Number of protein chains: 2
Amino acid sequence: MTTTNEPPVTGQRLDAAPQHPDIGAIELAGVLHALSDPIRLRIVAELAAGGERSCSSFELPVVKSTCTHHFRVLRGAGVIRTRLQGKTRLNSLRRADLERRFPGLLDAVLSAAVSAD
Amino acid sequence: MTTTNEPPVTGQRLDAAPQHPDIGAIELAGVLHALSDPIRLRIVAELAAGGERSCSSFELPVVKSTCTHHFRVLRGAGVIRTRLQGKTRLNSLRRADLERRFPGLLDAVLSAAVSAD
DNA sequence: CTATCAGTTCGATACTCATCGTACTAACTC
DNA sequence: GAGTTAGTACGATGAGTATCGAACTGATAG
């Protein structure tokens with residue numbers, strides 16, 4: 001595919017590793033906004049139970065591209081970390097980072113999510 | 001003003017007391033969304049310090065109508081309570097209610113708001 | 001009664017966002 | 001190489017929302 005009649009993309013590379021904010025760059029409003037969506041709250045709650053999960057292991061009521069969107073929001077807010085492994089992306093909660101930045105916040109949200117279930 | 005040439009409004013009354021959700025009706029996603037705006041976060045943080053405050057006692061960088069909007073969002077989410085007194089509205093945090101519904105959540109957000117300040 | 005004050009209501013506007021479908025890509029399998 | 005798999009990229013769309021200004025209201029002060 002080096003000879004398509006379209007010019008090569010000048011933007012960011014597709015296979016670039018996913019970007020995660022530095023601990024200090026994690027903003028409270030951003031985290032709260034990321035957690036204020038029911039689907040993302042569900043992702044975070046399930047992620048809190050286990051270790052690393054691929055995107056497709058969640059049975060979410062949305063199509064793939066919407067799924068990508070939600071994981072990107074969570075990643076951009078600093079809530080989850082995404083690691084490339086072969087053809088899948090493994091997602092995990094940034095528990096330690098969030099705990100250092102906003103002590104008690106994630107636990108409070110998680111137990112609230114359970115009780116509101 | 002009882003004889004304007006316009007028919008009387010059929011909608012809700014203007015002076016109706018502000019509506020607050022029942023404790024059980026407070027939703028986690030709603031609370032997180034309400035707190036995910038910097039202006040509202042600031043209102044809540046200032047409200048956490050003292051008792052009752054009128055809307056205008058906050059020096060917010062927005063006009064009055066926008067102010068009304070933010071207080072309505074907070075009220076609708078169950079975060080604050082608004083009480084009519086004369087010509088002002090006195091707002092207070094629903095600390096006890098929130099603590100019962102989502103233990104530790106508000107405190108975690110408040111201390112996070114301070115540390116992120 | 002008139003004026004002021006505190007706040008709401010009502011558009012209007014611009015921006016964000018959750019969703020989808022289609023096309024694409026990169027790794028893996030056959 | 002041809003398919004399959006697990007996503008991402010890219011519009012497009014519709015819903016929500018943060019903002020403003022102007023008009024209004026209800027209580028109080030003069």
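Proteins get letters first, then strands, A, B, ... in listed order; numbering begins at 1 in each. Computed from a prediction, not measured in an experiment: that's the story for all the values here.
By the side-chain hydrogen bond (donor to acceptor under 3.5 Å, both in side chains) test, A:Thr82 pairs with A:Arg75, A:Asn91, sequence neighbours left out. For A:Asp97, the salt bridge (charged side-chain N to carboxylate O under 4.0 Å, His left out) test picks out A:Arg81, A:Arg94, with sequence neighbours left out. In this structure A:Glu46 satisfies the salt bridge (charged side-chain N to carboxylate O under 4.0 Å, His left out) test together with A:Arg42, A:Arg53, sequence neighbours excluded. Every salt bridge (charged side-chain N to carboxylate O under 4.0 Å, His left out) that A:Arg83 has, sequence neighbours left out, goes to A:Glu52. Residues meeting the side chain to side chain contact (heavy atoms under 4.5 Å, CB included) test with B:Ser56, sequence neighbours left out: B:Ser54. For A:Arg100, there are no salt bridge (charged side-chain N to carboxylate O under 4.0 Å, His left out) partners, not counting sequence neighbours.
Residues A:Leu41 and A:Ile39 form no side-chain contact, since every pair of their non-hydrogen atoms from C-beta on lies 4.5 Å or further apart.
Distance CD (B:Gln19) to C1' (C:dT9): 16 Å, rounded to an integer number of Å. We find that CZ of B:Arg83 is positioned 13 Å from P of C:dG7, with the value rounded to whole Å. Counting to the nearest Å, the C1' atom of C:dC5 and the CD atom of B:Gln85 are 15 Å from each other. Following rounding to the nearest Å, B:Leu84 (CG) and C:dC5 (C1') show an atom-to-atom distance of 15 Å. Following rounding to the nearest Å, A:Leu60 (CG) and C:dC20 (P) show an atom-to-atom distance of 11 Å.
Residues in residues 26-41 of chain A take part in no salt bridge (charged side-chain N to carboxylate O under 4.0 Å, His left out) pair, two or more places apart or across chains.
Along DNA chain C, the nucleotide nearest to A:Val63 and the one nearest to B:Thr88 differ in position, and the one closer to the 5' end is contacted by B:Thr88. Judged by closest nucleotide on DNA chain C, A:Val62 is the one of A:Val62 and A:Gly86 placed further toward the 5' end.
The side chain of A:Lys87 approaches D:dA6 more closely than any other nucleotide in the set D:dA6, C:dC20, D:dG7.
Near DNA chain C, meaning a heavy atom under 4.0 Å from it, residues 64-72 of chain B has B:Lys64, B:Ser65, B:Thr68, B:Arg72 in order of number. Across residues 30-55 of chain A, A:His33, A:Asp37, A:Ile39, A:Arg40 each have a non-hydrogen atom less than 4.0 Å from an atom of DNA chain C (numbered order).
Contact check, A:Arg75 against D:dT8: a side-chain N or O comes under 4.0 Å of OP1 or OP2.
Neither A:Val73 nor A:Leu35 shares a network with the other; the hydrophobic side chains, linked directly or stepwise wherever heavy atoms of I, L, V, M, F, W or Y lie under 4.5 Å apart, form separate groups for each.
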